[in-house]
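I have placed the structure first, in the form of C-alpha cells, so that the comments after it can refer back to it.
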Amino acid sequence: MFKPFPILLITLALIVGTLAAPLSAQDVNVAEQDAIQSAVNRVAASVVQIETVGGLQEGGGPLEGASRTTGTIVSPDGWIVSSLFGFIQEPSGILVILPDGKRVAGKLVSKDTSRNLALLKVEANKELAVPESVDRSELRPGQWAIALGKTFSKEVPSVSVGIVSATHRVWGKAVQTDAKISPNNYGGPLVDIQGRVIGILTPLSPQGAGATDGFEWYDSGIGFAVPLAEIESRLETMQEGQDLQPGLLGINLKGKDIVADAAEIAAVRYNSPAQVAGIQEKDILIGANGRPIERQAQLKHILGEAYAGDTIAFRVKRGEEELDISVTLAAELIPYERPYLGILLDRNTPDSAVVRQTLEETAAQKAEIQPGDQIVKYDDTEIESPQSLRLAVATAEPDVPHNITLLREGEEKTLEVNPGSRSNTFLPEVSPQDASEDAEVIAGITTGESDFQLAEEQNNAKLFVPEVAKKLPSLGLVVLLGDAEFKLEPAREAWQKYAEQFGFAVLEISPASGTRWTKPETSVVRKMIDRVRDNYTIDAARTVAIGGKSGGAMALIHGFDNRDVQNGAVSIEAGIPRGANIPDNEPLERLEIVFLSRESSEGAAQLQPQIEALQKMKFTVITDEVSRNGDQLSLSDSDIEKLSNWVNTLDSI
C-alpha cells in the first residue's frame, strides 16, 4: 500500500516534538503506530455498537442487512448516525451499546436515502462524546484515513488503515478510501491522522441508489464515507423526522458518453420539475449554481450533491439564446406511462420506419395504420429511423391526439392517433421477422453453440447463435440465468429451436458457485452481454434476462440497473430482493417485467405486493403461471414458445 510519508512525517514531527534529528525506520514505525493509536483514542468514545432484532425475513435476494452494526455519535444528547445498510430488514428493536457499556434502546428517526445513512436517537443520562469533524475542503488524496467499527467488541473499536483516495466520488456524495470497509464498520467513522472525523462509512454506488448498492466492493480497497461536516448541515432537518431523498429533475439527456457529451435535453418528463420550470427538449444545460456544465458528468455531480427540495439555478442555452431557469428538485416524479401505438416495424429497413404489423385493438389499428406504411413525421418531428419514431412517441405529451404522417403507395397521408397504454398481458402471437428476399449472407458470422466462459470470470457460460443470424440485420438476445434450482440443460434444445424461429441468440450463464447468484455477479452478466454485443448486432430492445429463484432475482436486478442493454426481465418464483434499487420508469429506458409462478404456489401470493408496486410505477408487468414438472422448477416447450413470442414483440411501439 502506498503510504504518504511526507504528510505523516509532518504529523509525526509534531508528536515527537522535533524535525531536527532524522528519524530511523524503527522510530518512524513506532511514531506511526503512536499517531494512529492517538487518532483512534481521540474518536473511540464516539463510536457505538448497534444491535438490531426482528424485522423482515430474507426474501430470496442475494443479501440482507447485518444484525449488528456500528454508529457514530453526532450530538451529546443522543443523536447517532449509522449506515442504512444495517436497517434494511426494518428491525423491530434497536439496542445501542454506549462506550461505557450501557445498553439503551434506540429509535430510527429518519433516513438519508441519497447517501444511505440512518439517524438514530437514544436517551442517555449524561452527555455523550461528540467527535470533531473536518471539512472536505481540507482533505487531500494521499493523506491518512483510519476506519473504525464496533461490530465485534463492545469496548474496543476495530481499525483499518489506508489513505484518502479521492475527495468527491459517487457524484460528489462521498470521500473514497482504500482502508478496508465492510459491514463490520459500516456506520463507523473514517478519521484523519488527527482523529477528526472525515465521514461516516457506508456502501454507495455511482450506478445505484439502493441501501445495498456498493456492498459488493466491501474489503476491496474501494470504500466510501459521507462527509460528516455535510451531514451536520442537514442534521436539524433529519432530527425533525424528515427523510432526505435524492433530488429529481425529470429529464433524459441526449447521448450516452457522460464524459464527452454536452448536457443536451433529449426528453422532459411530463409534470416534472424541469417541465414546470420551463426547460425544453433540445435545451443545453451549460451552468448550475455558478458552476460550469460542459459535460454530462458535471451535471451529474451537481445533481448528486443535491437533495429533494433544493433549488438549482441553471444557465440554459436554447438556440442562440441563453436563459436563467431555477428548478426546485422533487423527491418523486409522477409515474411515467409509456404511450403505445401498437405497431411493429420492419427490422429489414433500419433506416426508415416501415410498418410490418399493427396489433389488434390498439391505437394504430383504430387510426387505420397499415402494414407497408412508412411513417415520416410524428406531430412536427421528422421520422428518419425506427429509433426516432420510438423517441418521438415516448416523449410526446400524453393523453392527447397526435398527427402521424405516412407514405402509403407513394402518397402522403396524415392520420390522427390517440396513443393508448401497453397491456399487462402477453401480446397475441406475431409472425417472426423473416430476412428480406434479397438479403445477402453476412460475412464473418459464427453460428451454433459454443463455450462462452470469460477468462477472468469463474461463471460457466454457453452461447448459441442461430443459423438465421447470417441474413438478419440484427438479433434479439435471451440471457438464461441458471442455478441449482433452475437448471438450463433440460430446456436447451427448445430454446435453440425457437431462437432459429424468432431470430435471437441464447446466452446461458451459471453462478460462480454453481448453486446461487450473488449480487456482485451483476457485473459478470453485464460483461458477458457486452461481449456478445461486441461480436454480433444485438437489438437492445429485444434483449431479456430469464431466471428462476436466485437467477430470477438477478434478472430483475440486472434489468433495473442496465436498461440500456436489457429491455425485458423474467423472474420465475422470485421477487425483487430487499434493498434493491427500483428506478423510475423512463421515456428512454424501457423495461418490461414478467413474473411466472407455479399454480397455487406460496411465492405467487408473496409477490403480489411487488407486482402492484411496479404497476403503480407504470411498469409493464405480466404475470402468468408456469407449467409444473413435478417438484422441479423448469420451463416447458409451450412456456418457451410463449416467452419467445414475447421477446419478438418487445420492440413494438
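Throughout, numbering of the chain's residues begins at 1 and tracks the sequence. In this text the structure is predicted, and so the values were computed from the model without any measurement. All values below come from the heavy atoms of this structure, side chains included, with hydrogens, waters and symmetry mates left out.
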Tell me if a side-chain donor or acceptor on Glu521 pairs with a main-chain N or O of Pro511 at a distance below 3.5 Å.
no

Check for a donor-acceptor pair, side chain of Gln296 on one end and backbone N or O of Lys254 on the other, with a separation under 3.5 Å.
yes

Around atom CG of Asp380, are there more than 12 heavy atoms from other residues, nucleotides or ligands closer than 6.0 Å?
no

Take a 6.0 Å sphere around CD of Gln280 and say whether it holds more than 12 heavy atoms from other residues, nucleotides or ligands.
yes

Test your reading of the model: is there a side-chain donor-acceptor pair from Gln374 to the backbone of Ser352, 3.5 Å cut-off?
no

Minimal heavy-atom distance between Glu589 and Arg563, with the atoms involved, is OE1-NH2, 3.1 Å

Distance from Leu427 atom CG to Ile622 atom CD1, nearest 0.5 Å?
7.0 Å

If you take all heavy atoms of Ala545 and Ala555, which pair is closest and at what distance?
O-CB, 3.6 Å

Of all heavy-atom pairs between Leu391 and Leu588, which one has the smallest distance, and what is that distance?
CD1-CD2, 2.8 Å

Please determine whether the number of non-hydrogen atoms from other residues, nucleotides or ligands lying under 6.0 Å from atom NZ of Lys282 exceeds 12.
no

Please determine if Glu592 and Arg422 form a salt bridge, counting it only when a charged side-chain N lies under 4.0 Å from a carboxylate O.
yes

Donor-acceptor pair, Asn645 side chain versus Glu641 backbone, under 3.5 Å?
no

Please identify each residue that fulfils ring pair (Phe, Tyr, Trp, His ring centres under 6.0 Å) with Trp171, with sequence neighbours left out.
His301

Approximate separation, where rounding is to 0.5 Å, of Phe426 CZ and Thr623 OG1
9.0 Å

Given 3.5 Å as the limit, does a donor-acceptor pair link the side chain of Asn648 with the main chain of Val430, or not?
yes

Side chain of Asp112, backbone of Ser114: donor and acceptor closer than 3.5 Å?
yes

To the nearest 0.5 Å, how far apart are CG in Leu477 and CZ in Arg542?
10.0 Å

Enter the distance from Ser652:OG to Gln357:CD here, rounded to the nearest 0.5 Å.
10.0 Å

Pair Arg408 + Asp373: basic N to acidic O under 4.0 Å
yes

Closest heavy-atom contact between Ala331 and Gln245?
CB-OE1, 3.1 Å

Using modelled atom types only, decide if a donor and an acceptor are shared between the side chain of Asn348 and the backbone of Asp434 within a distance under 3.5 Å.
yes

Grab the two heavy atoms, one from Leu248 and one from Pro273, that are nearest each other, plus how far apart they are.
O-CG, 3.5 Å

Taking only residues at least two apart or on different chains, which pairs with a member in residues 371-417 satisfy ring pair (Phe, Tyr, Trp, His ring centres under 6.0 Å)?
Tyr378-His402

Regarding Lys519 and Asp561, does a basic nitrogen lie under 4.0 Å from an acidic carboxylate oxygen?
no

Rounded to the nearest 0.5 Å, what separation is found between the CG atom of Leu415 and the CG atom of Leu406?
5.0 Å

Has the side chain of Thr543 got a donor or acceptor atom that lies under 3.5 Å from a matching backbone atom of Asp539?
yes

Is it true that a side-chain atom of Arg115 and a backbone atom of Glu305 form a donor plus acceptor pair closer than 3.5 Å?
yes

Out of Arg590, Arg526, Arg533, which residue meets the salt bridge (Lys or Arg N to Asp or Glu O under 4.0 Å) rule with Asp564?
Arg526

With sequence neighbours excluded, tell me which residues meet side chain to side chain contact (heavy atoms under 4.5 Å, CB included) with Ser326.
Thr311, Ala313

Heavy atoms only: give me the nearest Pro587-Ala394 pair and the separation to one decimal.
O-CB, 3.5 Å

Check whether any side-chain N or O of Thr405 sits under 3.5 Å from a backbone N or O of Asp379 as a donor-acceptor pair, and report yes or no.
no

How about CG on Asp399, more than 12 heavy atoms from neighbouring residues, nucleotides or ligands closer than 6.0 Å, or not?
no

Run the salt-bridge test on Arg516 and Asp483 with the 4.0 Å N-O cut-off and return the result as yes or no.
no

How many angstroms lie between CD1 in Ile557 and CD1 in Ile582, if you round to the nearest 0.5 Å?
10.0 Å

